Amino acid sequence: MRVITLTTDFGATDWFVGTMKGVILGINTQVQIVDVTHEISPGDTRGGAFALAASYNFFPRKTIHVVVVDPGVGSQRGAIAVQTANYFFVGPDNGVLSFALSREKIKAVRQITNEHLILQPVSNTFHGRDLFAPVAAHLSKGWPIQKAGPATKGFVKIDWPEPRRRWRSIVGEIVYIDRFGNAITNIDPEALFAPTESPCEVLVKHNRLCQLGSFYQAVSARKPIAVLGSSGFLEIAVNGGSAAKKLDLKIGDAVTLQRKSLQNPSSS
Amino acid sequence: MRVITLTTDFGATDWFVGTMKGVILGINTQVQIVDVTHEISPGDTRGGAFALAASYNFFPRKTIHVVVVDPGVGSQRGAIAVQTANYFFVGPDNGVLSFALSREKIKAVRQITNEHLILQPVSNTFHGRDLFAPVAAHLSKGWPIQKAGPATKGFVKIDWPEPRRRWRSIVGEIVYIDRFGNAITNIDPEALFAPTESPCEVLVKHNRLCQLGSFYQAVSARKPIAVLGSSGFLEIAVNGGSAAKKLDLKIGDAVTLQRKSLQNPSSS
Amino acid sequence: MRVITLTTDFGATDWFVGTMKGVILGINTQVQIVDVTHEISPGDTRGGAFALAASYNFFPRKTIHVVVVDPGVGSQRGAIAVQTANYFFVGPDNGVLSFALSREKIKAVRQITNEHLILQPVSNTFHGRDLFAPVAAHLSKGWPIQKAGPATKGFVKIDWPEPRRRWRSIVGEIVYIDRFGNAITNIDPEALFAPTESPCEVLVKHNRLCQLGSFYQAVSARKPIAVLGSSGFLEIAVNGGSAAKKLDLKIGDAVTLQRKSLQNPSSS
């Protein structure tokens, strides 16, 4: 059975996700449909892009990832289907696929225009149901991606906030806050582990010092700690609590990883 | 694999939906179980009826739709299984199935009384698990609906608020507000498109004018627009925002679709 | 198809549950994955233990129950896989499995140490994805539990608050409040039905009398009632409302079931 994942901003209150699944199962019942999340903030393409990038490569090869965070639905924004070395991606061409695609070897990018693949009449407000779900279902049955529509060279990209590297420090920022209140930064393991020849320290908001550790309970209860999180990025946490609440952290807040000045203890 | 859908007011916090699925899979593991929504307001049979009606016909033929919004569980209210030309429906006989059934060609309506089909002992507080789940699972294995219990003629219906049609206008109301704050009305496409020979305009609360358009971004950001929504009804939206919040809309608020008076520009 | 259930405190906002499913499906696509709940309060091992105990035995035999409420992830706390007469259980050794295990006939308890069974490199913050999901997936393919790691005698247990039995009464407490505001107690059917030779009454907070009944609508609208709930425990409810709100109930509040003093009507 092939796997189709769904990442949307549809929430759980309405029937939107359910009808997408109904459309998929009407085309292919021998499929595993997995919800990644439907709680992306309405219209937050950056949040959707991050959730996809953090999860897509834990799925089996040939999984079809559908992402519908689509404030421009019905407008002239494009719709694309992308094949990479390992996966398929389907969604609006508004950048929501771009964080994941930047890590993948791209084989084909197709505009979705084939009217025989999609639900008729197509609504102007719900392409998740009428367009992306049927395309994903057909791909899961082995239809070649070329049937989706004509090849296209590029696709819309959302800028990833690269951390700034300095001599003794890396200045990044918080890019996501999870349900536990852990604040995920854009500082990646390479940045994190390069300066291991000397001990590091982490500064968050108002230059508050945050101990580096390898798991949440490495500090005592209610104390902050910086760990290498499961998404592969440096993460600010509080043992048994919410770092976002305790440290009043928000997306965009700066986080600095810097080497300790062991050689010169008098430096501040 | 047959499909069983679940629409309930059980929420996601407790184990209620999970146990319904456990009971179904104990009877038939070769089934696709799809959540339509579990966030119907507790006891809101009208909300459940609307969610079912908006979603059921996007599922493949022979899908079994289970709806459990059941404030009278354990009382003398009936429990029914219904076969239509295309689908099966299972739930309490309190009207929650009635919006969907009013659009379907009904083949059989059966009271659920067969004790061999249901979990023993039946609790008096959770028929979703003990009664509706096992009946749906047996139907998914091909058991004839006649085994559920004796035929019954009628079933409880919830009144659908029909819009009032006047000479130059249609007066409807808001029947549902979705997660994006879009306000879905009871004004259907026939009403919407009949007066296309002359341009239309939409009035909501306090006679605020709302432009008609075909997709959300047809107006500039944060502006209201009335579109034909994906449920098949006229829908009041705000581009990139919540119409419910911005226009202070509530279920029951009047919405008027009226022809513009092109012939007599001096009329108000 | 085998069934794997997931009970966690991961919530629905992030991609954590989705990636667990991706890992499972990468090992075995022929499996039914069922969410019990992901809304256990962060780190609330007692709440997770109760949700599992209330639901696990409604699933088919050989179901693999995975529970990840794991505030000590990455620390020295153990990870276990347990086989009982009917089920498998996988999770951290912090007591979250213990309410369910106390009702089961245990066949084998194994520490999870086999590095070939688990995702490499194992993160220190997400064993749900890297350790428990793959172990469950391998068990669903028929791998013997002995492959998980060495046998271990005991496992961590959370104390269940036993109700105190007196001559004419049983004093229990509220152990869970569900989405409807129903307050589930620790008073079980045996306690409930033993004194049926004489009528009973139920006292909650501030000695407020609560009528015993067999279903919610056995009292008039908005009135409190005590029923035998679907989890098998005495439950305080309000017909058509929230008992927790109306009676201001909290987990830990005392609930007393006592025999009515029929023989001596003058006693208070």
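Chain letters run A, B, ... following the sequence lines, proteins first, then strands; residues in each count from 1. In this text the structure is predicted, and so the values were computed from the model without any measurement. FYI, side chains are in, hydrogens and waters are out, and symmetry mates aren't considered; it's all heavy atoms of this structure.
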Toward chain A, the part of [X] with a non-hydrogen atom under 4.5 Å:
X	value
D35(B)	backbone
V36(B)	both
Y56(B)	neither
T5(B)	neither

With rounding to the nearest 0.5 angstrom, report the [atom1] to [atom2] distance, [X] to [Y].
X	Y	atom1	atom2	result
F59(B)	K21(A)	CZ	NZ	8.5 Å
D14(A)	F50(B)	CG	CZ	10.0 Å
R2(B)	L25(A)	CZ	CG	13.0 Å
I33(A)	I33(B)	CD1	CD1	12.5 Å

Heavy-atom count check: over 12 atoms from other residues, nucleotides or ligands less than 6.0 Å from [X] [atom1]?
X	atom1	value
K157(B)	NZ	yes
Q76(A)	CD	no
K245(B)	NZ	no

Toward chain B, the part of [X] with a non-hydrogen atom under 4.5 Å:
X	value
S123(A)	side chain
R77(A)	neither
H127(A)	neither
L119(A)	side chain
F10(A)	both

Output the option from V17(A), I27(A), I24(A), V31(A) having the highest count of non-hydrogen pairs under 4.5 Å with chain B.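 That would be V31(A).
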Under 3.5 Å donor-acceptor, Q32(B) side chain and G22(A) backbone: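 No.
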Check: P71(A) main-chain N/O paired with Q217(B) side-chain donor or acceptor under 3.5 Å: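 Yes.
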If I compare all heavy atoms of [X] with all of [Y], which pair ends up nearest, and what's the gap?
X	Y	answer
Y216(B)	V73(A)	CD1-CG1, 3.9 Å
T125(A)	V227(B)	CG2-CG2, 3.9 Å
A51(B)	W15(A)	CA-CE3, 3.6 Å
Y176(B)	T13(A)	OH-O, 3.6 Å
A54(B)	T19(A)	O-CG2, 4.2 Å

Which of S231(B), G11(B), P60(B) touches chain A most, by non-hydrogen pairs under 4.5 Å: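 It is P60(B).
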Would R179(B) and E39(A) count as a side-chain contact (heavy atoms from CB on, under 4.5 Å) if you check the C-alpha gap in whole Å, the side-chain angles of each, and the deciding distance to 0.1 Å? CA-CA 10 Å; R179(B) 117 99 154 186; E39(A) 300 295 338; 3.8 Å; yes
